[in-house]
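Report on the structure given below.
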Amino acid sequence: MKLKNLSWGSLAFFAIAIGLYPLTYYIVDMRSAGLLQSKPKELLNSTFYIPVFYTHITFGGIALLSGWTQFSRKLRDKNLNMHRWLGKVYVIAVVFSSLAGLFIAFFASGGIISSLGFGLLAILWFATVVKAYTSIRKKKIREHENWMIRNYALAFAAVTLRIYLPLSQAAFHIDFTLAYRVISWLCWVPNLIIAGIIISRRSGLPLYIVKSSEESRALGK
């Protein structure tokens, strides 16, 4: 098996597995399990938190499920209309999930450090999907692809969060609050760095001149 195929298979597996994970919140009462168990009862019993939380995880799951196929050139070339339709679903899902995520970030376990980590993640997730959408509307395909790589790397924070958090508890026995503060940043910052490396390799240029090179090509220089 080629390394590329292995990486693609891993991407698909985790995207589908974590993308379907929100279904458990509809099947089982998760208020005493998962991430909700760390929340105060007053917050869980409020009229706003649970609906916004469910909006975040539901549309986040849809984003993961609809997004991974967008990176297959073979699937894209085979059915361009499906690619465009799934792209619209993805953009809508990210918009709803990121805005809801920004709201619930104010109530993140671990205080201000966690709130800043998840809040900045939500802002960047929203901003990058807007950039991806506006660039494809302007027919800037390479720019669109690069923004989508960044955006899906941020979407994959849902995956890395659910890998790092159990590991921090089961394998390293780190205090939950401390672990959550660290992982509120660790779940997405390395993802974004990896996305930058992928974009750089695609362009064959160092990170700091990728953008300027694309702008020069757009201007015909």
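To the nearest 0.5 Å, atom CZ of residue Arg150 and atom CD1 of residue Ile193 are 13.5 Å apart. Atom CD of Glu143 is separated from atom OG of Ser135 by 5.0 Å, given to the nearest 0.5 angstrom. Separating the CG atom in Leu86 from the CG atom in Asn79 is a distance of 9.0 Å, to the nearest 0.5 Å. Within the model, atoms CG of Leu120 and CG of Leu154 stand 9.0 Å from one another, a figure rounded to the nearest 0.5 Å. Annotation: the span from Ile174 atom CD1 to Ile183 atom CD1 amounts to 7.0 Å, rounded to 0.5 Å. The CD1 atom of Ile18 sits 12.0 Å away from the CD1 atom of Ile57 when rounded to the nearest 0.5 Å.
Hydrophobic clustering of Ile, Leu, Val, Met, Phe, Trp and Tyr side chains at less than 4.5 Å, counting indirect connections, keeps Ile104 apart from Ile123. Cluster annotation: Tyr164 and Leu192 are assigned to the same hydrophobic cluster (Ile/Leu/Val/Met/Phe/Trp/Tyr, side-chain heavy-atom contacts under 4.5 Å, transitive). In the hydrophobic clustering of ILVMFWY residues, with side-chain heavy atoms under 4.5 Å counting as a link, Phe71 and Phe14 come out together. Both Val159 and Leu124 are part of a single hydrophobic cluster, where members link through side-chain heavy atoms under 4.5 Å apart. Trp185 is connected to Leu161 through a chain of hydrophobic side-chain contacts under 4.5 Å among Ile, Leu, Val, Met, Phe, Trp and Tyr, so both are in one cluster.
Side-chain contact between Phe176 and Ser109: present, with at least one pair of heavy atoms (C-beta onward) separated by less than 4.5 Å. Between Ile16 and Trp68, the closest side-chain pair of non-hydrogen atoms falls below 4.5 Å. Residues Phe156 and Trp188 fail the side-chain proximity criterion, which asks for heavy atoms closer than 4.5 Å. The side-chain heavy atoms of Val130 and Val91, taken from C-beta on, include no pair separated by under 4.5 Å. Proximity of Ile136 to Met148: side-chain heavy atoms (C-beta onward) are nowhere separated by under 4.5 Å. Side-chain contact between Arg76 and Leu80 is present, with heavy atoms from C-beta onward closer than 4.5 Å. At least one side-chain heavy atom of Thr160 sits less than 4.5 Å from a side-chain heavy atom of Asn191. Between His56 and Phe96 there is no side-chain heavy-atom pair separated by less than 4.5 Å.
Looking at Arg181, its side chain never comes within 3.5 Å of a backbone N or O of Ile113 through a donor-acceptor pair. A distance-only check finds a donor-acceptor pair linking the side chain of Ser66 to the backbone of Ile62 [under 3.5 Å]. Side-chain N or O atoms of Thr128 include none that pairs as donor or acceptor with a backbone N or O of Trp147 at under 3.5 Å. When atom types are taken as modelled, the side chain of Ser46 and the backbone of Leu43 share a donor-acceptor pair closer than 3.5 angstrom.
When each of Phe106, Phe103, Tyr180 is tested with Phe118 by the rule ring-ring contact (aromatic ring centres under 6.0 Å, His included), just one qualifies, namely Tyr180.
Around atom OH of Tyr54, more than 12 heavy atoms belonging to other residues, nucleotides or ligands sit under 6.0 Å away. Counting heavy-atom neighbours within 6.0 Å of Ile27 CD1, excluding the residue itself, gives a total above 12.
Here the closest heavy-atom approach between residue Leu186 and residue Pro190 is recorded as O-CD, 3.1 Å. Of all heavy-atom pairs between Ser184 and Ser114, the closest is OG-CA, 3.5 Å. For the pair Val129 and Val95, the tightest heavy-atom approach, listed with the atom from each and the gap, is CG1-CG2, 4.3 Å. Closest of all the heavy-atom pairs between His83 and Gln70 is O-NE2, 2.9 Å. Taking both residues in full, the closest heavy atoms of Pro166 and Ile163 are given as CD-O, 3.4 Å, listed atom of the first, atom of the second, then distance. Here the closest heavy-atom approach between residue Asn151 and residue Trp125 is recorded as ND2-O, 2.7 Å.
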### Query
Are Tyr21 and Arg162 close enough, and set up right, to give a side-chain contact (heavy atoms from CB on, under 4.5 Å), and what steps lead you there?
CA-CA 10 Å; Tyr21 178 73; Arg162 284 162 181 82; 3.5 Å; yes
### Task
Report the C-alpha distance between Arg142 and Arg202 in whole Å, list the side-chain angles of each, state the deciding distance to 0.1 Å, and finish with yes or no for side-chain contact (heavy atoms from CB on, under 4.5 Å).
CA-CA 10 Å; Arg142 176 52 70 95; Arg202 290 177 79 239; 3.4 Å; yes
### Task
Give the intermediate values and the outcome of side-chain contact (heavy atoms from CB on, under 4.5 Å) for residues Val94 and Phe126.
CA-CA 7 Å; Val94 171; Phe126 177 83; 5.9 Å; no
### Query
For Leu64 and Tyr152, what are the C-alpha separation, side-chain angles and deciding distance, and is it a side-chain contact (heavy atoms from CB on, under 4.5 Å)?
CA-CA 8 Å; Leu64 281 174; Tyr152 201 67; 3.8 Å; yes
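Counted by atom type alone, Thr58 and Tyr26 present one or more donor-acceptor pairs between their side chains at under 3.5 Å.
Phe53 and Tyr49 have parallel rings, their planes meeting at less than 30° on a 0 to 90° scale where 60° marks the start of perpendicular.
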